[in-house]
Amino acid sequence: MTVSDEDIRNLVIARLRTFSRDRKISIGSEGEFSADELIERVKKDDDVGKTIIQIQLQYLQSLKEGLFLSD
Amino acid sequence: MLITRPNHDIATNYLYYWSVILINLAKKRGMLVSDLAKERANPLEFTSVVTKTKPKLIVFNGHGDDSAVTGQNNETLVQVDKNHYLLKGSVVYARSCKSAHKLGPKAVIVGCSAYIGYDEDFVFVSEDTKISCPLEDKTAQLFLEPSNQVVISLLKGHTPSESNKRSKEAYKRNIQKLMSSSSSKGDVELIPNLVWDYMHQVCLEPLAN
C-alpha cells in the first residue's frame with residue numbers, strides 16, 4: 001500500500017484538530033501558531049506546514065523504533 | 001560566560017526569562033557574566049565583548065538560520081564566512097534555529113571548542129494565559145528546562161558532549177512522563193514537539209575529541 005502526500009497531510013491535520021485551543025507552538029522566527037493556523041499552513045503546504053508534517057512524522061517514526069520506551 | 005538574550009517577540013521573551021536561571025547559576029558559581037540583554041544583543045557589542053573577554057562559554061538565545069544566529073530585532077550577530085571566527089576558543093550553546101547545520105561545523109573548523117545547537121528549527125509550546133509570565137508556564141517548562149540543562153551541566157564542569165547528553169536525558173524523561181498513563185490527554189499532544197528538539201539537538205566537536 002502506498003501512502004500519498006495528501007494522505008500524510010490529512011493524517012497530520014487530524015492530529016492537529018485535537019490540539020489544545022489555549023496553546024501555541026513556537027517555530028523559531030516563523031512565530032507562534034494555534035492549531036487552526038497550523039492546519040491552514042499544512043493545507044497550503046508552505047514551510048511552516050512542511051515543518052509540522054516533519055515533526056509529526058518523526059514522532060511516529062520514533063514510536064515505530066521504540067526510541068522512548070522506558071529502560 | 002557571555003550570554004545574548006534579545007527580547008522582541010514572544011519566543012525571545014520566553015528565552016530571555018528562562019535564561020535568568022542560567023545567569024544566576026553562573027554568578028553563584030563565581031563566573032564573570034557578560035549579559036547582552038535586549039538592545040545590548042547587537043553585533044557591535046557582541047564583537048567587542050567577545051574580543052575583550054574571550055569567553056570560555058557563549059550562550060545564544062534568539063533566532064537564526066543555517067548560517068547565522070541573531071540578536072535584538074533579528075540583527076545578525078554571527079554569520080558563516082563573515083565573523084564565525086569569533087567563536088574560536090569558546091564552547092557555544094545556540095538556542096536558536098538550524099545554526100548547527102552550517103554555522104556550527106564552520107565554527108568548529110576554525111577552533112570553536114564545541115558547538116551545541118539545533119540542526120533544525122527549535123520548537124516549544126506555550127500557554128496563551130502565561131505569555132506575560134513565561135517562568136510560570138508549565139507547558140513551556142517541559143521544553144526550556146531540558147534545554148537549560150545544557151548550560152547548567154557546562155557550568156557544573158561537565159564536558160560539552162556530556163552536557164548535551166544530560167540535556168537530552170532530561171528531554172527523554174519529560175517525553176516518557178508524558179507517554180505514561182498518568183499523563184493527561186492534553187499533554188500527550190506535546191510529545192512530537194519534544195521528540196523533535198531531542199532529535200535535532202546536536203553537539204559538534206573537533207574530530208580529535
Check against side-chain contact (heavy atoms from CB on, under 4.5 Å), B/Met179 and A/Leu63: CA-CA 11 Å; B/Met179 281 178 165; A/Leu63 286 181; 3.7 Å; yes
- Query: Considering all heavy atoms of both residues, which atom of A/Gly28 and which atom of B/Cys97 are nearest to each other, and what is their separation?
  - Reply: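 So the two residues come closest at CA-SG, 3.3 Å.
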Heavy atoms of B/Met199 and A/Leu67 approach each other most closely as CE-CD1, 3.8 Å
Count the heavy atoms belonging to other residues, nucleotides or ligands that lie under 6.0 Å from [atom1] of [X], then report whether that count exceeds 12.
X	atom1	value
A/Asp47	CG	no
A/Glu6	CD	no
B/His200	NE2	yes

Next on the checklist: In the structure I gave you, are the side-chain heavy atoms of B/Pro192 and A/Arg15 within less than 4.5 Å of one another anywhere?
Outcome noted: yes
Give, for atom [atom1] of [X] and atom [atom2] of [Y], the distance between the pair rounded to the nearest 0.5 Å.
X	Y	atom1	atom2	result
A/Ile55	B/Asp197	CD1	CG	8.0 Å
B/Asp187	A/Ser20	CG	OG	7.5 Å
A/Ile27	B/Trp196	CD1	CH2	9.5 Å
B/Asp9	A/Ser29	CG	OG	8.5 Å

Checking heavy atoms, do the side chain of A/Gln54, its backbone, both or neither come under 4.5 Å from chain B?
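Both the backbone and the side chain of A/Gln54 come within 4.5 Å of chain B.
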The interface call for A/Ser62 against chain B, heavy-atom contacts under 4.5 Å, is side chain
Could you go through the salt bridge (charged side-chain N to carboxylate O under 4.0 Å, His left out) check for A/Arg23 and B/Asp137 one step at a time? CA-CA 11 Å; A/Arg23 283 177 172 156; B/Asp137 191 329; over 6 Å; no
Item checked: Side-chain donor or acceptor of B/Gln176 paired with backbone N/O of A/Phe68 under 3.5 Å -> yes
Practice task
Compute whether any side-chain donor of one residue and acceptor of the other, for B/Glu189 and A/Thr18, lie under 3.5 angstrom apart.
Solution key: no
Which of the residues B/Ala140, B/Ser126, B/Ala11, B/Ser180 is involved in the greatest number of heavy-atom pairs with chain A at under 4.5 angstrom?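 The candidate making the most pairs under 4.5 Å is B/Ser126.
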